[in-house]
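Quick caveat: nothing in here was measured; it's all calculated off a predicted structure. We name chains A, B, ... by the order of the sequence lines, and we start the count at 1 in each one.
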Number of protein chains: 2
Amino acid sequence: MSLELLSSTKVFDGRQQQYRHYSDTLDCDMRFSVFLPPLSDRMEKGQRFPVLYWLSGLTCTDENFSQKAGAQRMAAELGIALVIPDTSPRGDNVPDDGDYDLGQGAGFYLNATQAPWKSHYRMYDYVLEELPGLVEANFPVTGRRAIAGHSMGGHGALVVALRNRGRFTSVSAFSPVCNPISCPWGEKAFSAYLGADRSSWEEYDATVLVSRATEHLPMLISQGEDDEFLERQLKPNALEAAADAAGYPVRIEHHAGYDHSYYFIASFIEQHLRFHADYLLRP
Amino acid sequence: MSLELLSSTKVFDGRQQQYRHYSDTLDCDMRFSVFLPPLSDRMEKGQRFPVLYWLSGLTCTDENFSQKAGAQRMAAELGIALVIPDTSPRGDNVPDDGDYDLGQGAGFYLNATQAPWKSHYRMYDYVLEELPGLVEANFPVTGRRAIAGHSMGGHGALVVALRNRGRFTSVSAFSPVCNPISCPWGEKAFSAYLGADRSSWEEYDATVLVSRATEHLPMLISQGEDDEFLERQLKPNALEAAADAAGYPVRIEHHAGYDHSYYFIASFIEQHLRFHADYLLRP
């Protein structure tokens with residue numbers, strides 16, 4: 001597993017880098033971005049940082065969050081590394097679809113079981129196993145991981161964290177797709193990737209997973225009340241109801257006037273980073 | 001002069017808006033962006049904000065700075081409005097050139113005197129007169145203005161401020177083209193827009209203007225030492241030498257390891273906003 005450095009840029013005294021590598025899991029070349037905080041004065045040699053994984057939404061690559069969220073400022077201050085994967089397998093040999101919400105740019109962080117998707121669309125395994133393995137073998141990071149994301153990536157973060165006890169200290173999401181088995185984006189993608197048997201979909205639905213959870217991971221969700229996808233696609237109320245019924249303490253914050261864009265993320269990313277820092281940096 | 005609102009998005013409790021209007025100066029439709037800080041608790045009714053005008057660099061529109069600089073956080077906190085014009089006239093009827101550094105996206109903030117450019121390429125007048133007139137007639141702003149920019153826009157900010165005593169409280173620039181009459185970008189653009197007579201170029205050269213200045217405007221320049229355009233295009237040392245010779249107190253800060261990108265701007269935009277706030281918000 002060799003990493004090719006594509007770019008390295010100084011920002012907030014740390015480094016924003018983009019890498020390319022061949023992914024065995026996805027059977028294609030992949031790009032991801034990393035932000036490494038500056039070394040502190042006290043611990044220059046051998047210093048390692050905990051990692052926040054960020055999963056992006058439909059149509060995004062690793063670059064949207066890197067360029068628009070303004071996360072590096074607070075990540076530098078807190079001493080948290082950021083790792084930002086792409087949102088699907090990519091390339092001429094990777095199946096695609098003309099729509100923005102299926103195929104390349106729309107991997108939905110699951111392992112596809114249906115043709116033609118199943119040979120490449122395994123973002124669940126990539127994000128859970130291959131990418132952390134690569135990151136922990138090649139960068140100055142600890143084994144402490146948190147995970148967060150936006151929209152389709154918020155769905156991915158919640159699902160990956162809820163299904164893997166002990167792998168993440170904490171999870172957060174902006175405007176996540178909370179109940180994909182009953183919204184148009186999810187129904188379309190899950191039908192294509194997972195097939196017609198809806199029982200196989202439930203393992204990728206945060207609302208179902210919360211209702212079954214036995215471990216209570218620290219969880220923060222931020223949702224804008226003027227989000228154009230709120231009612232039809234995101235459904236935080238379904239997750240909130242399931243959490244209430246199951247006694248799962250989810251912190252869901254509704255913000256008046258905010259929409260689905262990166263301006264919303266930029267406005268509250270400091271809060272999310274401080275939330276994760278409470279767990280990532282705990283002695 | 002009617003303004004058409006294209007979008008309005010909440011960010012850091014303020015509003016990021018994009019407008020379209022017909023520009024008499026440029027004889028075409030133009031877009032610009034505005035950030036309006038949140039109203040403070042004390043002064044909701046009739047509150048007005050001073051304005052920082054931001055001029056962007058080659059190939060940019062009003063969106064690059066809006067999305068990538070992270071300026072809204074500190075502008076909201078300080079109570080400074082941001083106004084971000086496009087970098088040239090635009091449209092099918094506006095002359096263009098295949099190169100990225102001439103024509104649309106490359107207006108160089110001057111008034112062209114040569115065909116085919118002279119009928120539309122009047123960004124100097126647009127930024128100095130038409131746009132502030134429009135902004136001050138339509139938004140809750142005071143008459144206090146500061147100006148800043150990046151690269152070609154840093155050149156524009158310095159030139160507009162240096163030539164117009166009393167119009168701006170302060171000026172700052174990231175990685176500005178300091179001496180365009182003797183760098184490839186400037187020589188190419190000025191030849192096309194202003195013609196072969198180099199004496200006509202000097203009114204658009206910050207290094208020449210600093211050497212002739214009689215008023216000393218507060219001026220901050222930030223330059224990355226790993227900027228790929230530093231030696232060949234930007235030449236801050238020429239401006240620094242002219243300022244030293246003329247006794248003009250310019251604060252030029254050289255930052256090790258930073259390049260020409262928006263990551264550099266994001267890293268120091270708080271410093272620039274605080275610098276302008278000292279003058280914009282002075283009682």
Side-chain angles (χ1 to χ4, degrees), chain A residues 6-18 33-39 60 62-77 82 84 174-175 222-228 230 253-273, chain B residues 6-18 33-39 60 62-77 82 84 174-175 222-228 230 253-273:
Chain A
L6 299 177
S7 67
S8 181
T9 306
K10 192 171 180 180
V11 58
F12 288 102
D13 268 336
R15 294 216 75 88
Q16 181 76 27
Q17 301 183 319
Q18 191 183 45
S33 287
V34 172
F35 171 72
L36 294 171
L39 296 172
C60 287
D62 56 305
E63 295 188 344
N64 304 67
F65 180 78
S66 299
Q67 295 176 353
K68 295 183 177 180
Q72 294 92 348
R73 182 182 63 88
M74 192 48 51
E77 183 174 323
L82 306 172
I84 308 136
F174 288 87
S175 333
S222 297
Q223 178 60 56
E225 292 183 350
D226 281 8
D227 189 319
E228 57 272 41
L230 178 56
E253 299 189 349
H254 299 271
H255 295 282
Y258 284 93
D259 69 11
H260 200 67
S261 72
Y262 266 90
Y263 287 122
F264 175 48
I265 300 172
S267 300
F268 294 95
I269 192 69
E270 175 174 339
Q271 182 202 4
H272 280 237
L273 282 160
Chain B
L6 300 178
S7 68
S8 180
T9 305
K10 191 169 179 179
V11 58
F12 288 101
D13 270 336
R15 293 217 76 89
Q16 181 75 28
Q17 302 183 317
Q18 191 182 45
S33 286
V34 173
F35 171 72
L36 294 171
L39 296 172
C60 289
D62 56 305
E63 295 187 344
N64 304 66
F65 179 80
S66 299
Q67 295 177 353
K68 295 183 177 180
Q72 293 93 348
R73 182 181 62 89
M74 192 48 51
E77 182 174 325
L82 305 172
I84 308 137
F174 288 87
S175 332
S222 297
Q223 177 60 55
E225 291 183 352
D226 282 8
D227 188 321
E228 57 271 41
L230 178 57
E253 299 189 350
H254 299 271
H255 295 282
Y258 284 94
D259 69 10
H260 199 67
S261 72
Y262 265 90
Y263 287 121
F264 176 48
I265 299 172
S267 300
F268 294 95
I269 192 68
E270 175 173 340
Q271 182 201 3
H272 279 238
L273 282 159

Is B/Asp13 in contact with chain A via its backbone, its side chain, both, or neither, using a 4.5 Å heavy-atom distance?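 Both the backbone and the side chain of B/Asp13 come within 4.5 Å of chain A.
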Heavy-atom proximity to chain A below 4.5 Å, by part of B/Gln16: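 Contact with chain A: side chain only.
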Tell me, out of A/Phe264, A/Tyr263, A/Tyr262, who's got the most heavy-atom pairs with chain B below 4.5 Å. A/Tyr263
Less than 6.0 angstrom separating the ring centers of A/His260 and A/Phe174, yes or no?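 Distance test on ring centres: not under 6.0 Å, no.
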Would you please say whether a donor-acceptor pair under 3.5 Å links the side chains of B/Ser8 and B/Gln17?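 Yes, side-chain donor-acceptor contact under 3.5 Å.
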Do B/Ser33 and B/Glu63 have side-chain N/O donor and acceptor atoms under 3.5 Å apart? no
Side chain of B/Arg15, backbone of B/Leu36: donor and acceptor closer than 3.5 Å?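 Checking the backbone N and O of B/Leu36 against the side chain of B/Arg15, no donor-acceptor pair under 3.5 Å is found.
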